[in-house]
Every structure is written in structure tokens, then in C-alpha cells.
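Working notes, beginning with the structure itself.
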Amino acid sequence: MKLTGSKLVALIGVCLSVFTACQKEALDPGFNEAVSFGKPKSVDKTLQTVVSVPEPCIQRSLVAGKNTIVGTVDVATGSQGELYITYNITKPNVYLLETHADVFKSIDQLKADKKISGGGAIPGKFAFSNSFKAGEKVTSYTVVVPQSYVSQYSVNGTIFIATHASLSTGDSAWAGITNDAPKGVSLQNALQFPGANWSVYFDFDINQCGGMDFTFAWEDLQNLGNDGDYNDLVVQADGLRTGDELKLTFKIVARGAFNDHSFKIKIPMAGITAIQGADGGPAPEYTTDGSNYIIRVFESTKNALPANGDPYDQVNTLLQYDCVAPAVKSIVLKVNGDFVYNTSKPYYPFISVYPSGAAPWGSTYDLSLYDFTGQDTWVNSVGVSFPNGIIIPKNWRWPLEGVTISGPYPAFPANNWAANLANPSLTYDLNRCK
Ligand SMILES: [Ca+2]
Ligand SMILES: [Ca+2]
């Protein structure tokens, strides 16, 4: 039995009453993630009835010493409105010594609560703290934030989350949005606390829980000729690392194109020990370029998401046809301690475009996400360049067929353009499928 964060909390709940018996079990070989059940200050009474932590809604990278990913922080919501914040260390021989977590509504509130100073955030003053002995080798710990505390600090469903850890390596770690950097990653684009230290935090939308991590969308023609509707292929994606597994789930939600596509991902080989299907499904086909695996998730997006009456095989971009339920596929990567999971850029998604209209026949070309690769742009009729593939870090409503993206989203392509949906009637609502 592998003990994950979810099992850990279950053990905490049970072990508080039957400490000795659980201690014995928890210290059996293979159970050494379970040693944090002592007297966690953060565990409130509601935990007594908790049997497992719900599936996380979001996962952020836990970054030590500014540049090194050592694991993840997961956030899940419970049926009583409580939040589960789980630290998971994935780097070998690194253990949790202290965790300090808090949720808050604004920097001003933290200042008023004296949890922040000129030196930055003060983890020791965070509301949910716990400490562990080095010999306990704790790699996973879940903080439960009660509903009453969540509701006190959330504003319209949004809450900010600060998660600090002190590690057995002597490093401090914080969780947040990461970027590539020469030394590994940077927290340059993470939400930064004011003050002298490099403390960071992240935001969480309680109402978006259950949504997907990313939406990828493409204009699928090269050079001239695109109409800017960014619905030629729309794929939503979720990634979840637990223990020695990374489960990736992909949903084709729209296909507003005559061209057919294969949808693939490219991911560094380091630390990947097996590529498998999920939930009993077959393993995906893959190749390698020597340093990356190239995994074919959908061979033909037309076959995966068949049209429903549209003569040009388009799906979920025109309102006169019924919604087609998304095509879903999950894959599982078995990973070891060499595998680095950057939650902000988990892999490179790309499409192979088949102008024949039927993959894998005829000539083809590849289009990636500009945000990830800096490659693949097209030019409109007045000579302005735009990316072929874009990424939106959540569920996203794409434009209707032939509607230029700047209609519904006038800020495109400025930073955070997707936050401003000015005209929902120009976009497709997947709730039509329900
Ligand atoms: Ca288009
Ligand atoms: Ca289109």
C-alpha cells in the first residue's frame, strides 16, 4: 500500500484516538509518509470525521531556495466548505521540518494582522503551523482550513494562499506560479509579498474547483488565412502528481476547423520510467527525440470528437448544432525522484495539422504554444503577427466560428487578456452540453 497525502489525513483522524496502534502501522516499511500525526496544531475537530482528502483542484510547485522545485502544494475543497492544503515533497532525501500556511484576502489585511513586515511575510505568524522531527522523514502533510476561516477571508470565491516550508536541507520553500530560468525555475511571475524576502503566494478560485488547469487553443493555418477565432482546436488539460505517478487528462472541447489534427505532448524523459494508459485504458503511442518523449494523445481529433451534422466536421463552435460531449483521454506517467514536475509548464502540447482533413493522411505541419516555445505565429491581413497556439490557465470560453477573438476578449493578446470577457454571447458555452 502506498500512503499518499489523502491517507495521511485519514490516519490523523483515526490516530488521534488510537495513537499506539496507528503508530505501529504508520511506521511499517513503506508507511513513512504518515509520521506527522503527532499533535498538528492545524488539525481541527472537523478532521475527526474526515476519511480522505478530496481530489485537488489545483497544484502549485513548491520551490526551495528560489530556483529548485522540490514538490507540490495541492489545494482541494471539502463538502463542508473546508480547504485542504497538502504539501508533497517529491525530491529524494528532502523532508519537511516545519509547515506554515495561511489564507488571506489582501496584503493590507496581512499587514493589519502583523503577518507581514518590511522583511516580507512572516511564516511563524501564519495561522496553521506544524513541525516535525528530521528523523520522522515527513514528505507529505495536509493542513485543513475550516470553513469558518475560509469564509472570513474569501472575497467572491477568491482567496489567497501562502504556504511556506522549512526543509531538512536547511532551505525555505514557498509554493507559487513558476517560470523557466537558467538555474531551474524562477518565481518571477508568482504573486510576491512586499518586503525584503522572496516569499510568494498564489490565488485560488473556490468556484473554479473541479475545472481544468489549462485550456490550449489553436489557429491551425500557417501564414495568412486565419480568421482569429482560436477555436480550430480547443483542448482542456489537467495534471496531477501523486507519489510516483503523474496523471494527465485531456479533453477536446471544440474543433472549429476543416483540417484534422493529431494532438501530442512533448515531455523530458528524465525520471519517467513508464508511459501507461489510465483507468484500464491502453497506453498511448510515443516516440522519442533522444531527450524528450513525444506522446500522441489523440491521433485524429476528428475521430475523437465526431461532428454532429456540421458539413465541415466542425464541433462546438456553431450554435445551430447540438453540443457534442468532450472527448476525454487520460495517460499515466510513472516517475521517480529525477522527474521534475513544473506545474506551470508541465509539458509542451502541440498539434500536427493535416490539411487533407483526415489524419494521418497527406502532408502535415506542427504548431506549438507560443507562450511555451516562442514559436509558430501567423500574420493577419494588415501584417500583424499573432500566435498560433495559446494557453489560458483555466476553463475558457472560446469564440464562435469565424468570430475574431478580440470581439469577446478585447484585451487580446495583452497580459491576462482572458480575464476580460466583454461579450459572452460571442463565445461558446460548454454548459449547452448538459
Ligand atoms: Ca480559425
Ligand atoms: Ca475556426
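Residue numbers run from 1 in the order of the sequence given. What you are looking at is a predicted structure, and each value in this text was computed from that prediction instead of being measured. Reckoned from all heavy atoms, side chains included, excluding hydrogens, waters and symmetry mates. For ligands, and for the atoms within them, numbers begin at 1 and follow the listed sequence.
- I392 pairs with exactly one of F216, W398, W417 by the side chain to side chain contact (heavy atoms under 4.5 Å, CB included) rule, that one being W417.
- Rounded to 10°, the angle formed at the Ca ion (ligand 1) by E219 OE2 and D229 OD1 is 70°.
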Show the numbers, then the answer: is there a side chain to side chain donor-acceptor pair (under 3.5 Å) between T404 and D229?
-> CA-CA 5 Å; T404 303; D229 59 11; over 6 Å; no
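- The residue from D366, V353, I252, T364 that alone fulfils the side chain to side chain contact (heavy atoms under 4.5 Å, CB included) condition with H261 is V353.
- Among the atoms of N231, an N, O or S atom is found under 3.0 Å from the Ca ion (ligand 2).
- A salt bridge does not link D232 with R255: every distance from a Lys NZ or Arg NE/NH1/NH2 to an Asp or Glu carboxylate oxygen is 4.0 Å or more.
- Distance check for G256 against the Ca ion (ligand 2): an N/O/S atom falls below 3.0 Å.
- For a distance bound of 3.0 Å, the N, O or S atoms of D232 include one lying that close to the Ca ion (ligand 1).
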Test K345 against F372 for side-chain contact (heavy atoms from CB on, under 4.5 Å), laying out the working first.
-> CA-CA 8 Å; K345 187 189 283 188; F372 283 6; 3.8 Å; yes
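- Its N, O or S atom nearest to the Ca ion (ligand 2) is what matters here, and for E401 that atom is OE2.
- Closest to the Ca ion (ligand 1) among the N, O or S atoms of D227 is OD1.
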